[in-house]
Amino acid sequence: MSGWKRGLGTVLLLSWMAVLVFGAWPPNLRPRFLDPVHDLAVRTLRLFAISAGQPLFQTDAAPWKQYGYCLFVRETGAGPGAPLLYPPGGSCRIEGLHLRLPPVARATHRMLASAWKLRNGGEEQRAQMDGYLAAMGRAFCLQAEAPIAGVEVVWIWYYKHYDSGRVMRRNGIYFDHACDRGRLGEVIWHPEDAVLLERWGEAPW
Amino acid sequence: MVSPRDVFASVDRFLFEPRPVHALVVGRIVFGSVLFLCYVVRAPDAAMLYGANGLAGPEALQRLVDSGTGVQRVYDALELAWPAPTPGALGFLYALLLACSLCFAVGYRTRLTGWIAWGIHLYLFKLRLPLAYWGWPALMQGYMAYVLLSRAGDYFSLDAWLRRRREGGEAPPVSAWQAPAWPLRLLQVHLCAMYSMVGLSRLDSSGWLAGHTVFTAVTMSLHSKLVIDWKPFQPLLQMATWGVYLLEPAAVFGLWIPRVGVFLAYALLAMHAGLELLTNVGWWSFAVMPGLLAFVPPRHLETLFRRLGA
């Protein structure tokens with residue numbers, strides 16, 4: 001390899017390594033003046049769809065630990081005992097062996113969790129929240145074997161207490177989506193049991 | 001006194017000195033297999049995840065525009081960049097991805113098939129539905145690119161076997177599998193950068209300090225492969241949390257220290273094996289294992305490849 005090619009290669013390789021180092025420098029140990037350099041490095045990495053790294057399992061010491069989530073989707077107004085559009089098989093199982101997490105469960109959880117974070121935001125955040133919910137509702141509309149008028153979605157959260165092992169349920173969201181009009185309907189964050197029963201007709205959990 | 005010339009010479013040796021490529025060969029086999037298996041198990045959900053009627057399908061998006069949500073906001077919300085493929089195109093891309101990832105793993109037309117698999121995977125995970133992954137693809141895209149830029153396809157590959165068959169000659173001894181160091185260095189630096197983000201960012205995390213995190217991970221159905229009553233194992237899980245809490249930050253610099261680095265590399269491999277056994281976090285553990293093997297003494301991997309018949 002000729003001298004200038006080797007020199008250029010060295011510069012490029014060291015530059016890329018610098019991008020990786022600055023892109024991965026965690027915020028808690030990064031001096032504030034390096035924030036623009038970090039942001040530039042992250043943007044550079046994103047151009048190649050590459051991440052330097054991301055924190056996994058960031059948890060706190062609160063006694064109630066997230067334990068499970070259940071998502072139930074059914075045709076709007078379906079009577080008690082009607083088959084669910086989701087989960088497949090109609091039941092949500094938390095305990096036991098989970099050899100793999102279905103990617104649809106992963107994607108819908110991420111969409112709902114992202115929507116939840118935006119629920120108290122301004123107009124733009126709420127529009128984005130609606131975007132998540134409506135895209136999800138529409139996708140479930142299109143999964144039905146025959147055309148349906150709409151879907152109702154319920155998301156339930158479960159927690160386990162670190163010390164006592166006690167399990168607690170909390171209702172995450174109820175929303176409906178009109179398939180024929182492509183319109184998001186009622187959205188209720190953390191509905192009371194009574195509200196959920198009134199709309200769903202039976203306890204989905 | 002260290003002169004600039006000495007520094008330049010050290011950098012030059014670090015980047016261009018011939019180094020064993022065994023870890024990169026392992027990377028080729030592992031990354032190709034990961035892509036193949038990942039998309040085989042996703043095949044039943046492909047339409048819902050990536051298709052026109054799926055979670056981010058164009059019809060869903062158009063309906064949202066009609067309902068006044070605003071397409072740009074939906075695109076932003078879903079982190080989308082490219083439109084959905086037609087069912088036929090999705091099927092073709094899917095089949096091509098499976099074929100190319102398998103060819104990459106066995107080392108057939110390694111660079112061509114590897115870059116095709118890399119590109120289609122990029123389209124599906126980054127441009128279609130990044131929400132359906134655990135974050136490992138953005139890491140593996142980098143690691144896989146380094147393998148693709150290296151000579152990992154020259155050894156223990158179908159290409160090498162076909163070449164010998166065509167041109168004759170003996171396979172090079174395993175100890176002679178060497179190439180300029182820079183792809184290996186990129187893999188090593190990127191791995192340590194990842195541990196700095198993962199390990200150092202949690203130094204002040206209350207869950208880690210209290211020793212709760214591994215319990216949380218194995219208890220939650222969204223992460224755990226085995227959701228049982230883990231309460232009797234809490235002391236053990238607490239020890240595991242503190243072990244990981246120390247191990248990952250130590251890797252950032254410790255992997256580069258001879259002897260310490262070997263111990264850390266094997267400890268981290270064991271940790272990732274445990275993570276893989278107990279949790280569902282996509283293909284994270286497999287994505288980082290080849291990078292850890294880049295810190296293992298070459299003779300250990302030579303032994304492995306000899307046992308595999310190289």
Side-chain angles (χ1 to χ4, degrees), chain A residues 6 10 13-14 16-17 20-21 23-29 48-61 65-69 94-104 106-107 109-111 114 127-128 130-132 134-136 138-139 142-143 160 162 165 181-184, chain B residues 11-12 15-16 41-42 45 48-49 53-57 60 63-64 66-67 69-70 73-74 76-78 122 126 129 131-132 135 138-139 141-142 182 186 189-190 193-194 196-198 200-207 210 212-213 216-217 219-222 224-227 229 231 280-281:
Chain A
R6 199 162 174 125
T10 304
L13 289 167
L14 292 180
W16 183 254
M17 288 175 183
L20 292 171
V21 170
W25 203 319
N28 54 330
L29 299 177
F48 301 92
I50 287 171
S51 146
Q54 60 186 50
L56 270 179
F57 296 125
Q58 292 292 42
T59 58
D60 58 36
K65 306 294 182 193
Q66 293 170 334
Y67 168 56
Y69 296 94
I94 294 177
E95 299 276 350
L97 193 63
H98 299 262
L99 282 180
R100 75 180 264 270
L101 178 75
V104 173
R106 162 79 181 146
H109 173 78
R110 280 275 306 272
M111 290 168 98
S114 302
Q128 199 171 328
D130 286 351
Y132 282 115
M136 220 175 101
R138 186 66 197 163
L142 294 167
Q143 300 308 307
K160 189 170 253 187
Y162 185 79
R181 286 175 288 130
R183 193 174 293 272
L184 188 64
Chain B
V11 170
D12 194 73
L15 293 175
F16 295 107
V41 297
R42 273 165 184 255
D45 300 316
M48 179 66 161
L49 293 172
N53 288 343
L55 286 166
R63 293 286 184 143
L64 294 175
D66 295 344
S67 68
T69 305
R73 282 173 177 161
V74 176
D76 289 347
L78 298 176
L122 172 73
K126 184 63 189 173
L129 196 59
L131 296 169
L139 202 66
Q141 284 297 91
W182 60 270
L186 288 172
V189 170
H190 199 155
M194 184 274 289
S196 86
M197 177 54 95
V198 171
L200 298 177
S201 67
R202 66 167 73 120
L203 289 179
D204 50 2
S205 161
S206 62
H212 288 188
T213 304
T216 308
T219 301
M220 186 180 176
S221 66
L222 206 60
S224 180
K225 273 201 171 93
L226 186 61
V227 183
D229 182 12
K231 195 152 171 40
N280 277 312
V281 286

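Each chain gets a letter, A, B and so on, in the order its sequence line appears, and its residues count up from 1.
Counting heavy-atom pairs closer than 4.5 Å to chain B, the top residue among A:Arg100, A:Met136, A:His109 is A:Arg100. The greatest number of non-hydrogen atom pairs below 4.5 Å with chain B, out of A:Leu14, A:Val21, A:Leu20, A:Leu97, is found for A:Leu20. For the set A:Trp25, A:Tyr69, A:Phe48, the count of heavy-atom pairs under 4.5 angstrom toward chain B peaks at A:Tyr69. Looking only at heavy-atom pairs under 4.5 Å with chain A, the residue among B:Leu200, B:Leu226, B:Val198 that has the most is B:Leu200. With respect to chain A, the highest number of heavy-atom pairs below 4.5 Å among B:Val281, B:Thr219, B:Asp229 belongs to B:Thr219.
At distances below 3.5 Å, not a single donor-acceptor pair connects side-chain atoms of B:His190 with backbone N or O atoms of A:Gly53. When atom types are taken as modelled, the side chain of B:Ser206 and the backbone of A:Ala61 share a donor-acceptor pair closer than 3.5 angstrom. Although no hydrogens or angles enter the test, the distance criterion places a donor-acceptor pair under 3.5 Å between the side chain of B:Ser196 and the main chain of A:Ala24.
Within the 4.5 Å cutoff, the side chain of B:Leu15 has heavy atoms near those of the A:Met17 side chain.
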For this session: Show the numbers, then the answer: is there a side-chain contact (heavy atoms from CB on, under 4.5 Å) between A:Thr10 and B:Phe16?
Result: CA-CA 9 Å; A:Thr10 304; B:Phe16 295 107; 3.2 Å; yes

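In this structure, chain B has a heavy atom under 4.5 Å from the side chain of A:Leu29, while its backbone stays farther away. Both the backbone and the side chain of A:Asp60 have a heavy atom closer than 4.5 Å to some heavy atom of chain B. With a 4.5 Å cut-off on non-hydrogen atoms, B:Lys231 touches chain A through its side chain but not through its backbone.
Judged as a ring-ring contact (aromatic ring centres under 6.0 Å, His included), and not counting sequence neighbours, the contacts of B:His212 are A:Tyr162.
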